[in-house]
Amino acid sequence: MHFVYPAVFRQTEEGGYTGYFPDLEQCFAKGDTLDEVLNDAIAEAKSWIQVELEDTFDLPSVSHPNDLDLKEGEFVRNIGVTIRLTDGWDE
């Protein structure tokens with residue numbers, strides 16, 4: 001199953017990047033480069049969603065990127081992850 005959530009990123013004063021998912025509580029990403037923070041965001045979102053699916057099978061609604069209240073220097077990217085719900089289906 002494929003899930004897509006918006007993530008908000010910004011460049012730090014040190015030159016790295018941080019990010020967070022407004023819809024996924026306590027789901028954060030960081031990296032030294034934009035590629036690194038995007039890859040970390042994908043991994044973090046995948047882990048977050050997998051835990052929620054195992055625990056409650058109840059995921060939060062997805063915000064539209066235009067509805068997010070961004071601070072100066074922040075930008076939004078939609079992050080997509082694919083999660084297998086059944087083991088062995090592709091073997």
Closest non-hydrogen contact found for Phe28 with Asp40 is O-OD2, 4.3 Å
Heavy-atom nearest pair, Trp48 first then Cys27, reads CD1-CB, 3.7 Å
Heavy atoms of Pro22 and Val8 approach each other most closely as CG-CG2, 3.8 Å
From the list Asp58, Leu53, Leu59, side-chain contact (heavy atoms from CB on, under 4.5 Å) partner of Thr56 resolves to Asp58
All heavy atoms of Ala41 vs all of Phe9, minimum pair found to be CB-CZ, 3.8 Å
Interatomic distance, OH@Tyr5 vs CD1@Ile49, rounded to 0.5 Å, equals 5.5 Å
For residues Tyr17 and Asp35, determine if any side-chain heavy atom of one lies less than 4.5 Å from a side-chain heavy atom of the other.
no
Heavy-atom nearest pair, Pro65 first then Val76, reads CB-CG1, 3.9 Å
> Any side-chain heavy-atom pair from Ile83 and Met1 closer than 4.5 angstrom?
Replying inline: no
Nearest heavy-atom approach of Asp23 to Ser61 is CG-O, 3.4 Å
Taken to the nearest 0.5 Å, the spacing of Glu44 CD from Gln26 CD works out to 11.5 Å
Checking Leu34, Leu38, Thr33 against Glu36 for side-chain contact (heavy atoms from CB on, under 4.5 Å), the one that qualifies is Thr33
Should Phe21 and Val81 be regarded as members of a common hydrophobic cluster, given that ILVMFWY residues are connected when their side-chain heavy atoms come within less than 4.5 Å of each other, either directly or indirectly? yes
field: Any Thr18 side-chain heavy atom under 4.5 Å of Arg10 side chain
entry: yes
Ignoring hydrogens and angles, write down the donor-acceptor pairs under 3.5 Å from the side chains of residues 67-75, residues two or more places apart or on other chains.
| from | atom 1 | to | atom 2 | distance (Å) |
| --- | --- | --- | --- | --- |
| Glu74 | OE1 | Lys71 | N | 2.8 |

Sub-4.5 Å side-chain heavy-atom contact between Phe3 and Leu24:
no
